[in-house]
Undergrad: 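Before I ask anything, here is the structure I am working with.
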Amino acid sequence: MEIHLLPAFTDNYFFVLHDPQRQSAAVIDPGAAQPVLACLASLSANLEAILITHHHHDHVGGISQLLKEFPQAIVYGGAADRGRIPGQQVYLQEGDRVTFGDRTAEVLFVPGHTLGHIAYYFPATEHKLGELFCGDTLFAGGCGRLKEGSPAQMVASLSKIRDLPAPTRVWCAHEYTLKNLLFAQTVDRDNADLEVRLAEVKQIRQQGRPTIPTAIALEKLTNPFLRWDNPKLQQAVNAHDSIQTFARLRGMKDQF
Ligand code: ZN
Ligand code: FE
């Protein structure tokens, strides 16, 4: 399974999974059809599946046109998003599986950004890293805004993600990394790993390159939205438990 990252709009990423042996592809969160169609044409690949993390337009806007070109493609999404995803045929819940070629994703139910949000986790194999496609739940250095869910729901969802194996690669749906880390620096002051990462990310963005994928290990060290139980961070936002810490951080970031 090869993964192609497609930049779109101002800061979105769509992901095309490609199985060269079968000349087959799946796409994750196609907010628009054109970049996906161009990628499929360059690969000479057939589209067999459209995997959706949540119902927002920048993640589903391309589905209808893709189905016109590839009417046999199957549209997957969360069970709680029923009625909100165009063309949805499969309604996924926590623990369900989706197979693409020789890899099988496990579905994680991760409400918070929206109430129907899911993530697709492909566990590592003997020769391949684990891959997580988490939509707008976890971002590099940050997390999604709480558009529909509560802080407690988001902490539970981010806990599931934090518990994945450290080398797992994380494919976030937006390029928000630099701004996220500039915020992180204001609340997590003596974090040497964060300083190093911020310098690296500044350089990567100056070169116009993506900061995605990130990895669980790096996020645990530098992302304040995975560090709600860190005593120094709790103290910095004057909070006494994990959910309060997360809620304060989220509120501060919303104003940043
Ligand atoms: Zn969204
Ligand atoms: Fe989005």
Side-chain angles (χ1 to χ4, degrees), residues 3-17 26-36 39 50-66 75-88 91-92 94 105 107-121 131-158 160-161 169-181 183 205 210-214 219 223 225-226 246-247 249-251 253-256:
I3 302 171
H4 298 263
L5 171 149
L6 309 183
F9 308 132
T10 37
D11 51 40
N12 278 79
Y13 292 125
F14 315 153
F15 305 105
V16 168
L17 313 182
V27 63
I28 297 168
D29 284 356
Q34 189 278 326
V36 181
C39 177
I50 300 174
L51 310 180
I52 301 299
T53 63
H54 68 294
H55 75 283
H56 285 158
H57 190 74
D58 60 316
H59 300 252
V60 306
I63 295 175
S64 304
Q65 202 187 330
L66 288 173
V75 182
Y76 296 80
D81 264 341
R82 186 179 282 267
R84 304 206 290 187
I85 296 173
Q88 185 175 4
Y91 301 88
L92 298 167
E94 172 86 17
V107 172
L108 306 178
F109 183 49
V110 288
H113 175 63
T114 67
L115 289 176
H117 205 301
I118 60 172
Y120 299 89
Y121 169 56
E131 314 282 2
L132 175 71
F133 297 91
C134 57
D136 291 354
T137 298
L138 182 68
F139 293 128
C143 76
R145 285 174 188 257
L146 303 182
K147 301 263 189 187
E148 297 175 5
S150 68
Q153 276 175 320
M154 193 58 144
V155 168
S157 296
L158 291 171
K160 276 184 207 174
I161 290 175
R169 296 200 294 182
V170 183
W171 302 84
C172 318
H174 290 271
E175 179 62 62
Y176 292 155
T177 315
L178 180 54
K179 196 171 179 204
N180 285 339
L181 295 178
F183 169 74
R205 293 308 294 154
T211 61
I212 304 305
T214 177
E219 294 309 315
N223 187 336
F225 295 95
L226 291 186
F246 176 86
L249 286 168
R250 190 58 263 175
K253 177 64 171 61
D254 288 344
Q255 306 298 321
F256 183 70

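Atoms within a ligand are numbered from 1 in the order they appear, just like the ligands themselves. Only a predicted model underlies this, so the values are computations on that prediction, with no experimental measurement involved. Residues: numbered from 1 along the sequence shown.
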Undergrad: Specify which N/O/S atom of D58 comes nearest to the Fe ion (ligand 2), by atom name.
TA: OD2
Undergrad: Closer than 2.8 Å to the Fe ion (ligand 2), do we get an N, O or S atom from H59, backbone or side chain?
TA: yes
Undergrad: Would you check if the side chain of Y176 reaches a backbone N or O of G144 as a donor-acceptor pair within less than 3.5 Å?
TA: no
Undergrad: Please check if the distance between the ring centroids of H113 and H56 is under 6.0 Å.
TA: yes
Undergrad: Kindly give the atom name of the N, O or S atom of D136 closest to the Fe ion (ligand 2).
TA: OD2
Undergrad: Verify the distance criterion only: is there a donor paired with an acceptor across the side chains of Y76 and Q88 at less than 3.5 Å?
TA: no
Undergrad: Is the distance from the Fe ion (ligand 2) to some N, O or S atom of H174 under 2.8 Å?
TA: yes
Undergrad: Considering just N/O/S atoms, say which atom of H56 is closest to the Zn ion (ligand 1).
TA: ND1
Undergrad: Are any of the side-chain nitrogens in E219 or R169 under 4.0 Å away from the carboxylate oxygens of its partner?
TA: no
Undergrad: Is the Fe ion (ligand 2) less than 2.8 Å from an N/O/S atom of D29, whether that atom is in the backbone or a side chain?
TA: no
Undergrad: Please check: side-chain N/O of R250 versus main-chain N/O of C143, any donor-acceptor pairing under 3.5 Å?
TA: yes
Undergrad: Taking the Zn ion (ligand 1) as the reference point, name the nearest N/O/S atom of D136.
TA: OD2
Undergrad: Under 3.5 Å, is there a donor-acceptor pair between the D58 and H174 side chains?
TA: yes
